[in-house]
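Labels below follow one simple rule: chain letters A, B, ... track the order of the sequence lines, proteins then strands, and each chain is numbered from 1.
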2 protein chains.
Amino acid sequence: MSKVQQKTARRATIKDVARDAGVSVTTVSNVLNERTEAMTEETLRRIQETIRVLNYRPSSVARSLVNNSTATIGVIVAEIHTPLFLQALNTIEPLARSANYNILLSTARSHDDERQAVNLLLEKQVEGIIFLCTSAYVDDDYLLQLPSSAPPMALVNRATTQDRFNQIHLDNVGAMLAVIDYLVELGHRRIAHLYGPASRRSSDERLRGYRLGLKKHNLLYRENHTAPGDYLAPPKASEQSTLKLLNLSPRPTAIIAADDIVAAAAMRTIQRAGLKIPQDITVIGVDDHPFCTYLNPTLTTVQLPITQAGEQAVELLIAQMTGERATSVQKTLSCPLIVRESSGPPPSGSEE
Amino acid sequence: MSKVQQKTARRATIKDVARDAGVSVTTVSNVLNERTEAMTEETLRRIQETIRVLNYRPSSVARSLVNNSTATIGVIVAEIHTPLFLQALNTIEPLARSANYNILLSTARSHDDERQAVNLLLEKQVEGIIFLCTSAYVDDDYLLQLPSSAPPMALVNRATTQDRFNQIHLDNVGAMLAVIDYLVELGHRRIAHLYGPASRRSSDERLRGYRLGLKKHNLLYRENHTAPGDYLAPPKASEQSTLKLLNLSPRPTAIIAADDIVAAAAMRTIQRAGLKIPQDITVIGVDDHPFCTYLNPTLTTVQLPITQAGEQAVELLIAQMTGERATSVQKTLSCPLIVRESSGPPPSGSEE
DNA sequence: TTGAAAGCGGTACCAG
DNA sequence: CTGGTACCGCTTTCAA
């Protein structure tokens, strides 16, 4: 006779509200969508009261189905090694929400993960996808095979020849050029580079920028002024590389590390060898992690404008989703040099 | 006569597949849900082929509506000041996905943001909510007013008297006790503390642990051995506080900072005053940010097991969502001390 | 083995 | 001003 009480109450639906308020679902729907101009004060109040009493919340699932819009943006974070990319969520989410979009998050640790994540987001009918990528060299084929019904995408830091996608790149080459300009201006002539892992495009680009910068200032590129500085590997390797550079004679007066983590390892190695930064040797990183200001001395570094990239990704997507702009956009963000304490002029008498 | 071509093709629906394959939607649905045992090889193949050709993907929105399940977990990240909590997403998301749940992400910068985020997630019909909280003292009223139809929640690091919620706490008091045990064991007698912002429960708890630890070892709590170390404020303040401690006579032989960021500021101040860490003075932090290993010396610190907390939150929620467990669980995670280079015995002859 | 039809929770059109 | 109703894309009886 008596039905067993549900453990958790069933969600109230629009029908419940209509019934309890003694009106039709249409009228309730009108209230929900703020079409209340031509409505009796009394009816409106009664409906609102019923909504409150039933603790009714419209189902956005049902709404999505009928409106054919989920108001959701998918974000795939591939670069999980550096917290930097996750930090971008701190800008992306509020920005998206202020435009009434939600964020559906996926992480991708591998290429397969990535495909799976994209499929998932498509099934969930996200209206746009932001892809925060590693610069690993990968196969883009599956991106090209996406159906034409796929939502707009914004790729951050991913090389692809397809201008069908919005793309936001970081100017690694330009950044290294600027660093070398800065160092040469200070008087440095022997500038070393701890280069990143070969699997990453960014490593190549920075190395290229390094060589271009030297050339620009008529400095010789010397094989022995470069050594591996892989931030994915244990720090031991970077320390070894740094020692190798320190043992050169004459010693380099500046070291540009592949990234801040390697720069920190280099700093530690240099300090333990009894040398002072920047008096004896300058150290410069790349990334501008928050911890750069915690180091002693604070680290001069190239900032990767990830926050800015995230912002632009959201804006580009929203412009496309709202139909404000039809075509995709490719842009490259410049990476400013943030000068702190770890850089300065070379020691006097350091000329060969 | 000819309809204008849509810019982006309409998504294929189950009807399209049924029509093109010459079967009914039911049959297609059966294929989608792997009820293919009693099906003609031929039919199955034809349907699969049609799905491939049309690039059909079932709409999870429609599925959610009829199944009354979104397979989505909401995550609210309130502690945006420390990247630590965002990092938890790196465990939460894969874990959730492997159980076939997606992550809908919200950030909350304020109490209002928080409410808004919760409402949003409820409308989106998430099946569980993970709340990565700041330890700020806040008003929980709105949580208590959630309808009984609200999904299970897991609060990480949020004080509330409601055992209606799953709760995962961090044992700040125990952590400080362990630090003091460790320091006393090393021979320290004058142990200072840079305490965190008054707005945070964790600050109070750590201060309490500090006092309890001193008491336990019959050490006097001295007002002047404590000074503010607010990681939300500019580092200048923490540096001032550190200098104040260094100028005491006799000088403390160890400083426990409110967190790693303050510890870094303290280390820098100490080193610039010409003292050596840990030979002259020990420094210990709290949080175990990745950057602890980049400092020189590497920082001894108390680890906040955020990753573990995230894991447990997911597991607790899933157990409840699947009906495996009905009641909520409260637990406190212990915070292990990670000993690195910044701590050691006090300088000899440091006894009063 | 396959198909027809009801219904999930809303929206929107058209009547009255 | 309000109500009836078709429909969004899919699942799930129930029949054939």
I'd like a list of close polar pairs between nucleotides 4-6 of chain D and the protein, N/O only, cut-off under 3.5 Å.
{"residue": "D:dG4", "atom": "N7", "partner": "A:Thr26", "partner atom": "OG1", "Å": "3.3"}
{"residue": "D:dG4", "atom": "O6", "partner": "A:Thr26", "partner atom": "OG1", "Å": "2.6"}

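Residue pairs meeting the salt bridge (charged side-chain N to carboxylate O under 4.0 Å, His left out) criterion with at least one partner in residues 108-131 of chain A, sequence neighbours excluded, are A:Glu114-A:Arg158. Evaluation of the salt bridge (charged side-chain N to carboxylate O under 4.0 Å, His left out) test over residues 309-322 of chain A, restricted to residues two or more places apart or in two chains, returns none. Residue pairs meeting the salt bridge (charged side-chain N to carboxylate O under 4.0 Å, His left out) criterion with at least one member in residues 47-64 of chain A, sequence neighbours excluded, are A:Glu49-A:Arg52. Applying the salt bridge (charged side-chain N to carboxylate O under 4.0 Å, His left out) definition to pairs two or more places apart or across chains, those involving residues 83-106 of chain A are A:Glu93-A:Arg97.
Listed by chain and number, the residues in a side-chain hydrogen bond (donor to acceptor under 3.5 Å, both in side chains) with B:Thr36 amount to none (sequence neighbours excluded). Taking B:Arg164 as the reference, nothing meets the side-chain hydrogen bond (donor to acceptor under 3.5 Å, both in side chains) condition, with sequence neighbours excluded. Partners of B:Gln167 by side-chain hydrogen bond (donor to acceptor under 3.5 Å, both in side chains), not counting sequence neighbours, listed by chain and number: B:His169. Among residues two or more places apart in sequence or in another chain, the side-chain hydrogen bond (donor to acceptor under 3.5 Å, both in side chains) test is passed with A:Asn166 by A:Gln320.
Under 4.0 angstrom from either OP1 or OP2 of D:dC1 there lies no side-chain N or O belonging to A:Asn30. Between B:Arg35 and D:dT12 there is a side-chain polar atom (N or O) within less than 4.0 angstrom of OP1 or OP2.
Taking atom CZ on B:Arg19 and atom C1' on D:dG9, their separation rounds to 14 Å, with Å as the unit. For the pair A:Lys15 NZ and D:dG3 C1', the interatomic distance rounds to 14 Å; values are reported in whole Å.
With no hydrogens or angles considered, a side-chain donor-acceptor pair links A:Thr27 and A:Ser24 at under 3.5 Å.
At a threshold of 4.0 angstrom between heavy atoms, the contacts of A:Thr27 are confined to the sugar-phosphate backbone, with no base atom among them.
Scanning DNA chain C 5' to 3' for nucleotides with an atom closer than 4.0 angstrom to a non-hydrogen atom of chain B gives a first and last hit of C:dT1 to C:dG9.
Atom CD of B:Glu42 has more than 12 neighbouring heavy atoms from other residues, nucleotides or ligands inside a 6.0 Å radius.
Distance alone, capped at 3.5 Å, is enough to place a donor-acceptor pair between the B:Asp16 side chain and the B:Thr13 backbone. The backbone N or O of B:Asn90 sits nowhere less than 3.5 Å from a side-chain atom of A:Thr107 that would complete a donor-acceptor pair. Without hydrogens or angle criteria, A:Ser29 side chain to A:Val25 main chain gives no donor-acceptor distance under 3.5 Å.
Proximity of residues 40-68 of chain A to DNA chain C (heavy atom under 4.0 angstrom from any strand atom) is restricted to A:Tyr56, A:Arg57, A:Pro58, A:Ser59, A:Ala62, A:Arg63, A:Leu65, A:Val66, A:Asn67.
Two end axes, each from the C1' atoms of five base pairs, can be drawn for the helix from C:dT1-D:dA16 to C:dG16-D:dC1; they diverge by 50°, to 10 degrees.
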